[in-house]
Each structure stands twice: as structure tokens, then as C-alpha cells.
**Student:** 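Please see the structure below; I have some questions.
Just so we're clear, the structure is a prediction, and the values are computed from it rather than from any experiment. If you read the sequence from its start, that first residue is 1, and numbering goes on from there.
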Amino acid sequence: MSNLEREPREIRCGADAGADREVLTGRAVPLGGPRAMAVSRTLPGAHRRMIGAWCFVDAYGPERAEMRVPPHPHTGLQTVSWLVEGEVLHRDSLGTRQDVRPGQLNLMTAGRGISHSEESPETVLHGVQLWVALPGADRHVAPGFEHHPSLPVAGGPGFEATVVMGALGGVSSPATAYSPLVAADIAVDGEGEVPLDPGFEHGLLLLDGAVGQVERGTLVYLPPGRSVLRLSGRGRVLLIGGEPFGEEIVMWWNFVGRSHDEIAAFRKEWMEGTGFGSVEGFDGEPLPAPILPAIRLKPRGRVR
């Protein structure tokens with residue numbers, strides 16, 4: 001899924017708070033019209049805007065719902081689609097038509113610009129949609145799409161981790177990444193010690209079951225400096241992390257840019273131009289862009 005808010009706020013990303021841990025409580029966001037599926041958005045939060053290059057985290061389900069996200073644009077980011085239950089069909093302006101199922105990764109690199117749609121029949125849906133901000137040197141790369149039907153696994157006593165992106169415990173994902181980062185779906189059974197890169201900041205999101213102090217609807221932030229993550233319980237958590245992102249960005253609607261004028265140009269191109277291509281096969285009209293706010297959007301750092 002993507003950001004379908006009708007009146008999107010400027011998503012602002014300054015200095016690290018330095019706490020030992022920080023709990024980010026998700027806010028409920030309805031996607032679409034009256035039959036919209038509700039998601040819990042923990043990134044960006046009121047204070048913390050990013051964890052590494054991860055700048056957007058929506059968790060949804062489990063609930064019976066029909067996903068219907070019309071064609072819409074993206075710039076300057078990667079979308080990461082990860083399912084616990086259900087099935088979602090992705091179409092994009094590169095001509096891609098690809099289902100994603102639990103345990104598989106759909107990774108779309110927007111780069112200088114791409115458009116896509118997502119849909120599913122009415123079914124039980126449970127998953128996470130994440131965005132990765134591209135660093136300045138790579139944010140205008142050619143758009144691309146990757147589907148990884150199987151991913152490597154790292155493990156140890158009490159845990160087994162599917163490495164979605166980056167590397168964990170010496171095991172590396174084949175997915176393309178443009179900055180040092182990690183994402184892993186960790187199944188916990190008892191007590192385990194998961195190795196971490198101490199140069200990374202991390203976040204933990206509960207997917208299923210009961211694991212330690214990670215509560216549903218929250219994202220637990222862990223600052224750099226940890227080399228081991230101790231987990232206990234029985235369930236699944238999503239671990240994300242990366243080197244603290246050193247650039248200021250502007251996030252608005254489905255765009256990641258560096259200035260108000262750049263965002264305004266992206267919007268104009270989507271509404272009036274052809275630079276984002278077209279999505280073939282979706283039964284419906286593309287999603288119109290919201291009106292820009294009356295005040296100028298400002299680039300922000302990792303925390304407000």
C-alpha cells in the first residue's frame with residue numbers, strides 16, 4: 001500500500017533523542033473510501049521521523065478486507081511489501097504484474113519516478129508496507145522492480161530470522177539496497193539473542209503472538225550501540241534498522257524529495273505530464289494528487 005490520505009500532512013524528518021529505547025505509538029489511518037482498510041502508521045511519528053533510511057511503516061490486519069489502491073506515483077524511495085497473510089497483486093508503469101504472498105518480497109525502486117497500483121480480492125490481509133528513502137547520490141536512479149520468492153534465513157537458539165533486506169548474522173538478502181540497512185522477520189520460540197550491527201539504529205514491530213515488551217500497534221526504537229538483541233516469548237517481530245540517515249528530506253503524499261519546489265514539480269508532472277508512465281490492466285482511474293499545503297514544505301532531519 002501507499003499513502004492515500006486525502007489531506008496529507010508534511011512528513012517531517014534534527015538530532016537523536018539518545019534514549020535507551022523509545023516507544024512509537026501508531027496512529028490509525030484509513031486508506032481510501034468508506035470501505036477503507038485501516039492501517040497503523042508508526043513511522044513517521046510525531047517525534048521520530050526515520051530509523052536508518054526507513055521512513056514509512058504501515059502495519060495492517062489481520063482483517064478481512066479488499067485492497068484497491070489505484071495507480072499513483074512515487075519518487076526518491078523504495079517500497080517494501082511484506083505479507084504475513086493474504087495475497088496482493090502489484091502492477092507498475094514498467095509493465096510488471098506480480099503477486100506477492102507471505103514470505104515473499106516485492107521491492108520497487110521509484111528512483112526518478114514510477115507509478116503503480118495494488119489490489120486484492122476480499123480476503124484476510126495482514127502485513128506491513130515500508131518505504132526506504134534513497135540517499136542523494138541514488139535518488140534519481142532508473143526505476144526498477146524485484147520479486148524475491150524465497151529469502152535466506154539466519155538462526156540461533158530460540159529464533160529464526162528471514163533476512164528481507166540487508167544482512168543479519170552473516171546472512172545477506174539478495175534484494176537491492178542503496179544504504180547500509182537491515183530488515184528481518186524474526187520468529188521467536190523461547191529466548192534468543194539476535195546479533196545486531198552496533199552502528200545501526202533499530203526498530204521492532206510485533207507481527208504476531210507475544211514477544212517481550214513489544215506491543216501491537218507500537219514500534220520500539222533502539223538507538224545505535226547494541227550488538228545483541230535479546231528476545232523472549234513466542235511470536236514474530238519485524239526488525240528494521242540502518243545507519244542513521246544523514247540527509248534532510250521532504251516527504252509529502254507519495255513523494256520523497258529535497259525541497260518544496262521539487263515536490264511541487266513532481267505533483268505537476270503527475271497531474272499534467274507523462275514522466276511517471278502508465279499502469280496497464282487496472283480497472284479504474286489513476287489517483288489524483290492532493291492540493292499542496294498553503295505553506296512551503298521544509299526539508300527535515302531524522303527527528304523533529
**Student:** Could you please spell out the steps behind the ring pair (Phe, Tyr, Trp, His ring centres under 6.0 Å) verdict for W131 and H74?
**Tutor:** CA-CA 10 Å; W131 295 356; H74 285 290; 5.4 Å; yes

**Student:** Please find the pair of heavy atoms, one from A183 and one from W54, that lie closest to each other, and give the distance.
**Tutor:** CB-CZ2, 3.6 Å

**Student:** Given side chains that start at C-beta, do those of S93 and H116 come closer than 4.5 Å, heavy atoms only?
**Tutor:** no

**Student:** Take Q104 and S150 through the side chain to side chain contact (heavy atoms under 4.5 Å, CB included) test and state the conclusion after the steps.
**Tutor:** CA-CA 6 Å; Q104 302 178 348; S150 62; over 6 Å; no

**Student:** Say you draw a straight line from CG of D197 to NE2 of H202; how long is it, rounded to the nearest 0.5 Å?
**Tutor:** 6.5 Å

**Student:** Going by heavy atoms in the side chains, are V100 and L105 under 4.5 Å from each other?
**Tutor:** no

**Student:** Between V69 and V29, is there shared hydrophobic-cluster membership here, with clusters defined by ILVMFWY side-chain heavy atoms closer than 4.5 Å?
**Tutor:** yes

**Student:** Please enumerate all residues that pass side-chain hydrogen bond (donor to acceptor under 3.5 Å, both in side chains) together with R267, with sequence neighbours excluded.
**Tutor:** none

**Student:** Taking it one step at a time, do D99 and V88 satisfy side chain to side chain contact (heavy atoms under 4.5 Å, CB included)?
**Tutor:** CA-CA 6 Å; D99 289 313; V88 174; over 6 Å; no

**Student:** Transitively linked via ILVMFWY side-chain contacts under 4.5 Å: W82 with L89?
**Tutor:** no

**Student:** Taking the side chain as everything from C-beta on, heavy atoms only, tell me whether Q129 gets closer than 4.5 Å to T79.
**Tutor:** yes

**Student:** Measure across L168 and P195 and return the closest heavy-atom pair with its distance rounded to 0.1 Å.
**Tutor:** CD1-O, 3.1 Å

**Student:** Let me see the working for L297 and L292 under side chain to side chain contact (heavy atoms under 4.5 Å, CB included), right down to the final yes or no.
**Tutor:** CA-CA 9 Å; L297 305 170; L292 278 164; 4.1 Å; yes

**Student:** Please determine if E272 and K268 form a salt bridge, counting it only when a charged side-chain N lies under 4.0 Å from a carboxylate O.
**Tutor:** yes

**Student:** If you measure from CD1 on I114 to CG on D92, what distance do you get to the nearest 0.5 Å?
**Tutor:** 4.5 Å

**Student:** Is there side-chain contact between E119 and E66, with heavy atoms separated by less than 4.5 Å?
**Tutor:** no

**Student:** Distance-only, no hydrogens or angles: does the S173 side chain make a donor-acceptor pair with backbone N or O of V164 under 3.5 Å?
**Tutor:** yes

**Student:** Where is the tightest heavy-atom contact between T42 and L24, given as atom of each residue plus distance?
**Tutor:** O-CD2, 3.5 Å

**Student:** Side-chain contact test, heavy atoms from C-beta onward, threshold under 4.5 Å: evaluate it for R234 versus V188 and give yes or no.
**Tutor:** no

**Student:** Checking R91 against F282: charged group under 6.0 Å from the ring centre and within 45 degrees of the axis?
**Tutor:** no

**Student:** Show your working on side chain to side chain contact (heavy atoms under 4.5 Å, CB included) between H47 and E22 and close with a plain yes or no.
**Tutor:** CA-CA 10 Å; H47 168 66; E22 178 183 331; 3.3 Å; yes

**Student:** Please determine whether ring pair (Phe, Tyr, Trp, His ring centres under 6.0 Å) holds for the pair F276 and H72, giving the CA-CA distance in whole Å, both sets of side-chain angles, and the decisive distance to 0.1 Å.
**Tutor:** CA-CA 9 Å; F276 289 98; H72 58 279; over 10 Å; no

**Student:** Strictly below 4.0 Å, N to O, side chains only: are R236 and D208 in salt-bridge contact?
**Tutor:** no

**Student:** I'd like to know if E247 pairs up with R258 as an ion pair, taking the criterion as any Lys NZ or Arg NE/NH1/NH2 lying under 4.0 Å from an Asp or Glu carboxylate oxygen.
**Tutor:** yes

**Student:** Ignoring hydrogens and angles, tell me if any N or O in the side chain of S120 forms a donor-acceptor pair with the backbone of M67 under 3.5 Å.
**Tutor:** yes

**Student:** Side chains of L239 and V237: closer than 4.5 Å at any heavy-atom pair?
**Tutor:** no

**Student:** Can E122 and R64 be counted as an ion pair, charged N to O under 4.0 angstrom?
**Tutor:** yes

**Student:** Please assess T109 against Q78 for the test side-chain hydrogen bond (donor to acceptor under 3.5 Å, both in side chains), listing each intermediate value before the final yes or no.
**Tutor:** CA-CA 4 Å; T109 299; Q78 292 178 293; 3.0 Å; yes

**Student:** Measure from the side-chain N and O atoms of H126 to the backbone N and O of L207, and report whether any donor-acceptor pair falls under 3.5 Å.
**Tutor:** yes

**Student:** Once rounded to the nearest 0.5 Å, what's the spacing between atom SG of C55 and atom CG of L134?
**Tutor:** 9.0 Å

**Student:** Examine L77 and M108 and state if one hydrophobic cluster contains both, with Ile, Leu, Val, Met, Phe, Trp and Tyr joined whenever side-chain heavy atoms are less than 4.5 Å apart.
**Tutor:** no

**Student:** Apply side-chain hydrogen bond (donor to acceptor under 3.5 Å, both in side chains) to residues E262 and H260 and explain how you reach the verdict.
**Tutor:** CA-CA 5 Å; E262 193 173 64; H260 176 96; over 6 Å; no

**Student:** Got a second to check how far I240's CD1 is from I51's CD1, nearest 0.5 Å?
**Tutor:** 4.5 Å

**Student:** Has the side chain of E85 got a donor or acceptor atom that lies under 3.5 Å from a matching backbone atom of V124?
**Tutor:** no

**Student:** Using the side-chain hydrogen bond (donor to acceptor under 3.5 Å, both in side chains) rule, take N106 and H90 through it: C-alpha gap first, then chi angles, then the decisive distance, then the call.
**Tutor:** CA-CA 8 Å; N106 270 8; H90 164 99; 4.9 Å; no

**Student:** Parallel, tilted or perpendicular: which fits the ring planes of F255 and F266, with parallel below 30° and perpendicular above 60°?
**Tutor:** tilted

**Student:** Look at D138 together with R112 and state whether they make a salt bridge at an N to O cut-off of under 4.0 Å.
**Tutor:** no

**Student:** Measuring from L204:CG to L222:CG, what's the distance to the nearest 0.5 Å?
**Tutor:** 5.5 Å

**Student:** Rounded at 0.5 Å granularity, tell me how far CD in Q213 sits from OG in S232.
**Tutor:** 8.0 Å

**Student:** On a heavy-atom basis, which atom in S117 and which in V279 lie closest, and how many Å separate them?
**Tutor:** OG-CG1, 3.7 Å

**Student:** Would you say that V80 contacts V132 through its side chain, given a criterion of any heavy-atom pair below 4.5 Å between the two side chains?
**Tutor:** yes

**Student:** A side-chain contact here means heavy atoms from C-beta on lying under 4.5 Å apart; do F56 and L43 qualify?
**Tutor:** no

**Student:** Check the surroundings of atom CD in Q98: do more than 12 heavy atoms from other residues, nucleotides or ligands lie under 6.0 Å from it?
**Tutor:** yes

**Student:** Counting only N and O atoms by type, is there a donor-acceptor contact under 3.5 Å from the side chain of T75 to the main-chain atoms of G113?
**Tutor:** no

**Student:** Are V171 and L231 connected in the hydrophobic side-chain network, where two residues link if heavy atoms are under 4.5 Å apart?
**Tutor:** yes

**Student:** Compare every heavy atom of R68 with every heavy atom of P70, then report the nearest pair and how far apart it is.
**Tutor:** CD-O, 3.5 Å

**Student:** For a side-chain hydrogen bond (donor to acceptor under 3.5 Å, both in side chains) check, start with the C-alpha distance between T176 and E146, then their side-chain angles and the critical distance, and finish with the verdict.
**Tutor:** CA-CA 8 Å; T176 301; E146 301 172 24; 2.5 Å; yes

**Student:** Show, in sequence, the C-alpha distance, side-chain angles and deciding distance for E280 and R97, and conclude whether the salt bridge (Lys or Arg N to Asp or Glu O under 4.0 Å) test is met.
**Tutor:** CA-CA 9 Å; E280 301 296 331; R97 186 184 189 278; over 6 Å; no

**Student:** Provide the closest heavy-atom pair for S172 versus A167 in the form atom of the first, atom of the second, distance.
**Tutor:** OG-CB, 3.5 Å

**Student:** Using a 3.5 Å distance criterion without hydrogens, assess whether the side chain of W270 forms a donor-acceptor pair with backbone atoms of L287.
**Tutor:** yes

